[in-house]
Protein chains: 2
Amino acid sequence: MEFGSFLVSLGTSAIIFVVLMLLFTWLSKKQGNFPIYYPNRILKDLEPWEGSSLTRSPFAWFREAFSTPEQEVVNVSGVDTAVYFVFLSTVLGIFALSGVLLLPVLLPLAATDDSIKSNARNTTDTVSEGTFSQLDNLSMANVTKRSWRLWVFLGAVYWVSVVTYFMLWKAYKHVSTLRAQALMSADALPEQFAILVRDIPSPPSGQTQKEFIDSFFREIYPETFYRSLVVTENSKVNKIWENLEGYKKKLARAEAINASTNTRPTNKIGFLGLVGKQVDSIEYYTELINDSVAKLETEQKAVLAEKQQTAAVVFFTDRVTATLAAQSLHCQMSDKWTVTEAPEPRQLIWKNLKIKLFGRIIRQYLIYFIVAVTILFYMIPIVAISAFTTLQNLKKLLPFIKPIVDIAFIRTILQSYLPQIALLVFLALLPKFLMFLSKAEGIPSQSHAIRAASGKYFYFSVFNVFIGVTLGGSLFDTLKVIQKDPKSTVSILATSLPKSATFFLTYVALKFFIGYGLELSRLIPLIIFHIKKKYLCKTEDEVKEAWYPGDLSYSTRVPGDMLILTITFCYSVIAPLILIFAVIYFALGWLILRNQALKVYVPSYESYGRMWPHIHTRILAALFLFQVVMFGYLGIKEFIWAVLLVPIIVISLLFGYVCRQKFYKGFEHTALEVVSHELKQSPNLEEIFKAYIPHSLSTHKGDDHQFKGAMSRYQDYAAISAA
Amino acid sequence: MEFGSFLVSLGTSAIIFVVLMLLFTWLSKKQGNFPIYYPNRILKDLEPWEGSSLTRSPFAWFREAFSTPEQEVVNVSGVDTAVYFVFLSTVLGIFALSGVLLLPVLLPLAATDDSIKSNARNTTDTVSEGTFSQLDNLSMANVTKRSWRLWVFLGAVYWVSVVTYFMLWKAYKHVSTLRAQALMSADALPEQFAILVRDIPSPPSGQTQKEFIDSFFREIYPETFYRSLVVTENSKVNKIWENLEGYKKKLARAEAINASTNTRPTNKIGFLGLVGKQVDSIEYYTELINDSVAKLETEQKAVLAEKQQTAAVVFFTDRVTATLAAQSLHCQMSDKWTVTEAPEPRQLIWKNLKIKLFGRIIRQYLIYFIVAVTILFYMIPIVAISAFTTLQNLKKLLPFIKPIVDIAFIRTILQSYLPQIALLVFLALLPKFLMFLSKAEGIPSQSHAIRAASGKYFYFSVFNVFIGVTLGGSLFDTLKVIQKDPKSTVSILATSLPKSATFFLTYVALKFFIGYGLELSRLIPLIIFHIKKKYLCKTEDEVKEAWYPGDLSYSTRVPGDMLILTITFCYSVIAPLILIFAVIYFALGWLILRNQALKVYVPSYESYGRMWPHIHTRILAALFLFQVVMFGYLGIKEFIWAVLLVPIIVISLLFGYVCRQKFYKGFEHTALEVVSHELKQSPNLEEIFKAYIPHSLSTHKGDDHQFKGAMSRYQDYAAISAA
C-alpha cells in the first residue's frame with residue numbers, strides 16, 4: 001500500500017467521522033429522538049440532561065462524559081461498566097506514556113538511517129523493491145542490520161514493558177477496590193444471601209429432593225439456614241408462559257387498535273396469520289389467555305412437585321454465612337454437593353444448573369476442541385481474503401479487472417478499504433456462535449458465559465486477524481517455509497510484520513473513525529426506531545421495546561479492543577506511528593462510550609468486575625507476544641544483544657504470577673472483610689427468595705403456597721435472630 | 001549375574017530371616033525386653049499381650065497382627081498408620097491379582113520360545129553372549145521379535161493396568177471414609193476449633209498486633225470468635241527453657257546417684273564438664289535452675305509483649321465455623337490474612353509461621369531447584385558404583401584383586417551383595433537432608449513437611465536407583481548414545497531393563513528378608529537399650545528415654561516401598577517372576593509392621609490420612625512409567641501393535657484426573673458434613689487454647705494472667721452459647 005492511499009483512507013474516515021459527529025449534535029437535540037440518545041436516563045426518570053436544554057452547547061456531551069466522576073458511572077451503569085473504562089484508560093495510559101518517549105526518540109533514529117534506500121539501490125531482488133513506502137522510512141525496517149541504533153529500539157521494548165507493568169498494577173489495585181466497595185454495599189443484594197448448590201445426590205427413599213436438601217443444610221447451619229429453592233425442569237412451563245405473554249401483547253395491541261380506529265381488529269388463526277379462519281382478535285386472544293393461565297397453573301404444580309432437579313439455590317439469614325458457605329467443601333466426595341456463590345437472579349442460566357460435575361468437565365473440553373478447530377478452519381478463508389485483496393495478486397489472478405483497477409480513484413478505494421471491510425464483516429458473524437458454545441459448557445451464569453465467549457473471541461481474533469493477516473500478506477511465499485520448518489514461525493512472523501504495518505494503521509483508523517462515529521450517532525437504531533414507531537408500534541409497551549437500548553455488550557467490545565491492543569503492542573517499537581492512532585482510538589473510545597454508558601445503555605447484569613482478571617491476563621499476554629516478536633525481529637536484524645530481552649520476558653511471566661497470587665482470589669470469591677460490614681436495615685429475606693423464582697413459576701395471584709413443594713417451611717427470621 | 005549366585009543370595013537372606021525370627025520369638029518373651037518389644041502397649045498401660053503369657057505360642061504375634069481389625073489399628077496408632085496399611089494391602093492386592101494371571105500365562109510363553117539360544121547360536125557379538133542366565137529364559141528377553149506371543153504380553157499390560165485402577169479406586173474410597181470417620185469424632189479435637197492465620201498486615205498505630213487480629217475476627221464472627229494466640233518470636237525463650245529442662249534432668253540424675261551411692265556427686269563446670277572448678281552437683285544445678293526460672297519469666301513477659309509476629313492461631317467456639325473459616329477468603333488482597341486449617345498443636349513448626357506468602361513461594365522454588373540439582377549430582381556416584389561393582393568391570397579396572405575375586409565363595413558373596421549394600425547405605429544418608437530442605441520451605445506443620453520430604457525422596461529414589469542402576473549396568477556403552485540423541489532415552493531404558501532384572505530381584509529379596517527381619521527382631525534398639533540401661537541411666541526418666549520407640553517414620557518407609565513398587569511394575573510383564581517377590585515383600589511388610597504399629601511404635605502426629613493422595617498419585621505415576629517403558633520395549637521387539645498401548649496411557653491420565661476431582665478436596669480440606677456431627681459434650685475451649693501454647697511459654701505456676709499480652713479477653717463460652 002502506498003502512502004497516498006493511506007492518506008486518502010485516513011482523510012475519508014476523518015470526514016465521515018466529522019459528519020457523524022455533526023449529525024449526532026443535531027439529532028440528539030430533537031425531542032422525538034430522546035429515547036434513542038438518552039434511554040438510560042429516561043428509564044431512571046431523569047431529564048435527558050441536567051440544566052436547561054436551551055443554553056446547552058452542542059458539545060456539552062463531551063464535557064459531561066469527561067468530567068463525570070467514576071462513582072457516578074458505578075451508580076448509573078454498574079461496576080462492570082466502570083471496569084471497562086478502567087481498561088480503556090489503562091491502555092490509553094500505557095500507549096500515551098510509551099509514545100511520549102518512543103515517538104521523539106525512535107522516529108528520527110529510523111528516518112535518518114537509510115537501510116531501505118541502500119537496499120533498493122544495491123539489491124537485485126525485485127520483490128523487495130517497491131514494497132516499501134514513505135511510511136516505512138519511519139519504521140524499524142529502515143534501520144540497518146547490526147546498527148548501534150538497535151540498542152535504542154531494545155531499550156524501547158523495556159520502556160513499553162515497564163510502563164505496562166506499572167499501569168496494570170495500578171489498575172488491578174483500583175479495580176479490586178471498586179469491587180470491594182460495591183460488594184460491601186449497605187443494601188441487601190440478593191446474591192449475597194444465597195449460594196448455588198449443584199451435583200446434589202439422589203435423596204434417600206421416602207424423602208423428596210427438597211426435604212433432602214433442607215435437612216442437609218439445616219444440619220450444618222442450624223441457625224443461619226433460611227430456605228432452599230430447588231431447581232426444576234422448566235422447559236414446558238416456560239413455553240406455556242412465553243405463549244401467554246405473547247397472547248397478552250397481542251391482546252393489548254388489538255385493544256389499542258380498537259381504541260384508536262374504533263374497528264374491532266381481526267386475524268387469521270392459521271400458519272403465520274396468513275391462512276385459516278378470520279376471527280375477532282380481542283375475543284380470540286382473551287380466550288387463549290384464559291386457556292393458558294389454566295394450563296400454566298397445572299404445569300406449575302406439576303413442575304414443583306415432580307420435576308425437581310439435582311441443583312438448588314440455598315438461602316441464608318446473613319451474608320457472612322452465605323459467603324463462607326460458598327467457599328467451603330460440603331461433602332467428603334468433592335463431586336457431590338458442589339457449591340459456588342449464587343449469581344444474580346437475572347443471570348442464572350437455569351437449564352445449565354442440573355448438569356453434573358463430570359458432565360461439565362467433558363462439555364468444557366469438547367468445546368475447547370471445537371473452538372480450536374473453528375479458529376484453525378476460519379484461518380484459511382481469512383488468509384485467502386488478505387492474500388487475494390492485495391491488488392497485485394488480484395490483477396494476476398483476475399486479469400479482466402485490470403482496466404477497472406487501473407482507474408486511480410477506484411484503485412485507491414479498493415486498496416484502502418477492501419481488506420479491512422472483508423475483515424470486519426467476517427468478525428461480525430462470530431460472537432453469537434461463540435456465546436452459544438460457551439453456554440453449552442454448562443456455565444451457570446450469564447456473565448460467566450460472556451467472559452468465556454469473550455476469551456474465545458480474543459484467541460480467535462489474535463490468531464486469525466493478527467497472525468493470519470501478517471503472515472497472509474506474504475502467504476504464498478512463506479507457507480511452504482513454515483511447512484518445512486514449523487520452528488521458523490516466530491522469525492517469519494517477525495519478518496513479515498513491517499510489511500503489514502500500514503494495513504494495521506489503516507485498520508485502527510477505520511475502526512475508530514467509522515466505528516465510534518456510528519456508535520455515537522446511533523444512526524441505525526435511530527432509523528429502525530422511527531420506522532417501527534411509525535408503522536408497527538400500537539401500544540406504549542411496543543414503543544418502549546422499540547427504543548430499549550440493550551447493554552454495552554462486553555463480549556464483543558473487549559476482544560475487539562484487545563485486538564487493537566495486541567496489534568499496537570507488536571508495532572509500538574517497529575512502527576511507533578501506530579501509537580498515535582492507538583491513543584486516539586482509546587481516548588475516543590473512552591469518551592464516546594462514557595457518554596453512551598451514562599445516557600444510552602442499560603446494563604443487563606452485574607458481576608462486580610469479575611471481567612478484570614481476564615482483561616489483565618490478556619493485556620499481559622499481548623505484551624508477552626510483543627516481547628517475543630521483538631526478540632525475533634531483533635534477531636533478524638542480526639543484533640546479538642537481542643538476548644537481553646530474555647530477562648524482560650521472564651519478568652512478564654513473574655509479574656503475571658505475582659498479580660494472580662495477590663489479586664485473583666478476591667475476584668474469584670467474595671472476601672469476608674468486605675461482607676462483614678453492616679447493612680442499612682435487616683434484609684427482607686422473603687423478597688430475596690422471591691427474586692430467584694423464575695417468571696414462569698411465580699404465581700399470578702400473589703399466592704405463595706404453591707411453592708411449598710419446592711420450597712422449605714418458612715422460618716421466621718425474627719425468631720432466629722432473637723434466639 | 002548368574003543363576004547360582006542369585007540362589008545363594010536368596011538362600012542366605014532366607015536363613016538370616018529365619019534366625020532373626022527365632023531370635024525375636026525368644027527375646028520377646030523375656031520380661032526385661034518388654035520395653036523394646038511392647039512399648040506402645042506399655043505407654044497405654046496395657047499388658048504386653050492379652051491373656052496369660054505362659055500359654056502363649058511363639059507365633060501368636062503372627063495371628064494377632066493378622067486378625068486385629070482396622071478400627072483397632074486406628075484407635076491404637078491413628079489414621080495415618082491405618083492408611084499406610086491400606087497402601088501395603090492395596091499394592092499387595094495389585095501384585096497378587098496381576099500374578100494370578102501373569103505367572104501361569106507368561107512364564108510358559110517365555111520359556112518355550114528360544115530367542116536367546118538361537119541368538120547365541122547365530123550371533124558373533126561377544127557382548128550378548130554370557131549376559132543371559134537361566135532366569136532370563138523366563139523373561140520377555142527370550143521371546144522372538146515380532147512373535148505372536150507379544151500379543152499376550154501386550155494384553156498383560158492391560159490386565160495389570162485394569163487391576164491397578166480397580167484397587168486404587170477402592171482404596172481411595174476406603175481411605176476417604178477412614179478420614180471422614182476420624183474427623184467426625186465425637187471428642188473435641190483442638191485442631192478442629194482453630195485456624196492458622198498468616199500474612200497478617202501491620203496493625204494501625206495505637207493497636208497491638210493482638211488487638212488488631214482480635215478486632216478483625218470479632219467483626220466477621222461476632223458470635224463464634226473465641227480468642228486468638230499470636231505467634232511470637234520464641235528462639236530466646238526456647239533456649240532458656242531447654243537449658244532449664246537440661247538442668248532439671250541433671251539435678252534428678254545427681255539426686256539419684258546420691259540416693260543410691262550415698263555420696264554427693266560432683267562435676268566440673270568448664271568445657272564439657274572436663275575442666276574447671278569441681279562443684280557439688282546438687283547445689284550447682286539447683287542454683288542454675290533458680291536462675292533460669294527467673295530468666296524464663298522475664299523473657300516470657302518480653303516475648304508476649306514485644307515479640308508478636310504476623311501470624312496467629314485463631315480459635316472459634318464451634319468446629320463448623322472453624323472449618324468454614326479455614327477455607328474462605330478473608331481479605332480482598334489474597335496475600336494478606338491467608339488462612340489454613342490449624343495443624344495439631346504438636347505438629348506446628350512455630351518458626352515457619354511468620355514467613356510471608358511470597359517468601360514461602362520463593363523458598364519453595366529455590367528448594368525445588370536445590371533438590372533437582374541434588375538428584376542430578378547424586379546420580380553420578382550411584383551410576384559409578386553400579387558400574388564398578390559388576391565383577392567384570394572390577395577385574396578390568398583393578399586387576400590386582402583378581403586372585404581374591406576368583407575364590408568362588410567370595411566371588412559369589414560380592415556378586416550378590418556388593419551393589420545392593422552400596423545402594424542401601426547410600427540411601428540412608430539422604431532423608432534428614434530432604435527433611436531439612438522441606439522445613440526450610442516455610443511449611444507450617446510437621447506432617448506436611450514429612451509429606452514434602454517423602455515426595456522428594458520418591459523422585460530421588462526412582463531417578464537414581466531405578467533409572468540410574470538400569471542405565472548404569474550398561475552405562476559405559478550407552479552414555480555416548482544418549483548424549484548424541486536424548487530422545488532415545490526411553491528405548492535405551494527399555495533395552496537395558498531385562499539386563500538388570502536379576503539385580504532387582506535380588507534387591508527386593510534382600511530388602512524384605514534382611515530389612516523386615518531386623519525390623520521385627522529390633523536387635524539394634526535392644527542392644528542399645530541394654531547398654532544404656534546398664535551403664536548410663538540413673539533415673540526412671542532416663543530409662544524411659546532409652547526405650548522410647550519413636551514413630552513408624554513414614555517419610556522414609558513410603559518412598560522405599562514406592563521404589564519396590566516402581567521396580568515391580570516395570571518388570572511385572574518383562575520378568576513376571578518379580579511379582580512373587582513383590583507379593584512376599586508387601587505381605588511380610590503388612591504383617592510385621594502391623595505387629596510393630598500395634599505394639600512398638602508411638603505415632604508422633606496425626607494428619608487424618610492426608611498422605612493418601614500423594615501415595616495414590618505416585619502409584620499411578622509408577623504405573624504410567626511402566627506403560628511407557630512397555631511401549632518402548634514392545635517397540636524394540638519390532639511389534640507394531642505396541643501403539644495399542646497409547647489408549648491405556650491416556651486412560652491412566654484420565655483416571656488420575658477423575659480421582660483428583662472426586663476425592664482430593666476432601667483431603668485438602670475438612671468437609672462440612674463431617675464436622676457437623678454433634679460432640680459428646682461441649683468442648684473445654686480453655687483446654688483447646690492451652691494446647692497450642694508452646695512449652696517454653698506455658699507458665700510453671702498455673703497462672704494464666706501472664707498471657708494477657710498475647711491473648712484476648714476471655715469470653716465465657718456458656719454466655720455465648722446461651723445467647
Side-chain angles (χ1 to χ4, degrees), chain A residues 172-173 176-177 179-181 183-184 199 216-224 318 320-321 323-339 357-358 360-362 365 654 657-678 722-723, chain B residues 172-173 176-181 183-184 216-224 318 320-321 323-339 357-358 360-362 365 654 657-678 722-723:
Chain A
Y172 217 145
K173 252 187 168 159
S176 198
T177 315
R179 173 175 164 87
Q181 275 167 356
L183 286 174
M184 65 175 71
D199 308 301
F216 183 85
F217 283 98
R218 196 168 287 124
E219 163 110 20
I220 298 174
Y221 310 96
E223 287 167 26
T224 45
D318 72 290
V320 169
T321 309
T323 308
L324 284 165
Q327 301 177 41
S328 299
L329 180 73
H330 279 72
C331 180
Q332 177 73 15
M333 295 294 154
S334 43
D335 62 341
K336 297 264 185 297
W337 297 101
T338 54
V339 294
L357 179 66
F358 288 111
R360 301 200 291 271
I361 292 172
I362 292 167
Y365 283 105
L654 281 180
Y657 181 78
V658 169
C659 283
R660 197 187 156 81
Q661 286 291 328
K662 187 174 176 68
F663 299 110
Y664 183 65
K665 274 194 193 149
F667 284 80
E668 198 184 8
H669 300 296
T670 304
L672 286 165
E673 62 165 5
V674 164
V675 287
S676 65
H677 284 256
E678 260 183 45
Chain B
Y172 217 144
K173 252 186 166 161
S176 199
T177 316
L178 276 183
R179 175 175 164 85
Q181 275 167 355
L183 287 174
M184 64 175 71
F216 183 84
F217 283 96
R218 197 169 285 124
E219 164 110 20
I220 298 173
Y221 309 95
E223 286 167 28
T224 45
D318 72 290
V320 169
T321 309
T323 308
L324 284 165
Q327 301 176 41
S328 300
L329 181 73
H330 279 72
C331 180
Q332 177 72 17
M333 295 296 156
S334 44
D335 62 342
K336 298 264 185 295
W337 297 100
T338 54
V339 293
L357 179 67
F358 288 110
R360 300 199 292 271
I361 293 172
I362 291 168
Y365 283 105
L654 282 179
Y657 180 77
V658 168
C659 283
R660 196 187 157 81
Q661 286 290 328
K662 187 174 176 69
F663 299 110
Y664 183 65
K665 272 192 195 153
F667 285 81
E668 197 184 8
H669 300 296
T670 304
L672 287 165
E673 62 166 5
V674 165
V675 287
S676 64
H677 283 258
E678 260 183 44

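Every chain is numbered from 1, with letters handed out A, B, ... down the list of sequences. Only this structure's heavy atoms are used, side chains among them; waters, hydrogens and symmetry mates stay out. What you see is a predicted model; the values in this text were computed from it and never measured.
In this structure, the portions of B:Val658 lying under 4.5 Å from any heavy atom of chain A include both its backbone and its side chain. Within the 4.5 angstrom heavy-atom criterion, only side-chain atoms of A:Tyr365, from C-beta onward, approach chain B.
The aromatic rings of B:Tyr172 and B:Phe663 lie parallel to each other, their planes meeting at an angle below 30°, with 60° marking the opposite boundary.
Annotation: the span from B:Tyr221 atom OH to B:Leu324 atom CG amounts to 7.5 Å, rounded to 0.5 Å. Going from atom CD of B:Gln661 over to atom CG of A:Leu357 covers 5.5 Å, rounded to the nearest 0.5 Å. A distance of 6.5 Å separates NZ in B:Lys662 from CZ in A:Phe358, rounded to the nearest 0.5 Å.
Contacts of A:Ser676 classified as side-chain hydrogen bond (donor to acceptor under 3.5 Å, both in side chains), with partners at least two apart in sequence or in another chain: none.
Interface summary for chain B: among A:Met333, A:His677, A:Lys336, the most heavy-atom pairs under 4.5 angstrom belong to A:Met333. Among the candidates A:Phe217, A:Tyr657, A:Trp337, A:Phe216, the residue making the largest number of heavy-atom pairs closer than 4.5 Å to chain B is A:Tyr657. Here A:Ser334 is the residue among A:Ser334, A:Cys331, A:Gly666 with the most heavy-atom pairs under 4.5 Å with chain B. In terms of heavy-atom pairs under 4.5 angstrom with chain A, the leader among B:Ser176, B:Ala180, B:Ala326 is B:Ser176. Annotation: maximal heavy-atom pairing with chain B below 4.5 Å, among A:Val320, A:Val674, A:Ile361, A:Thr323, occurs at A:Ile361.
Identified under the side chain to side chain donor-acceptor pair (under 3.5 Å) test for residues 663-673 of chain A, with sequence neighbours left out: A:Glu341-A:Thr670.
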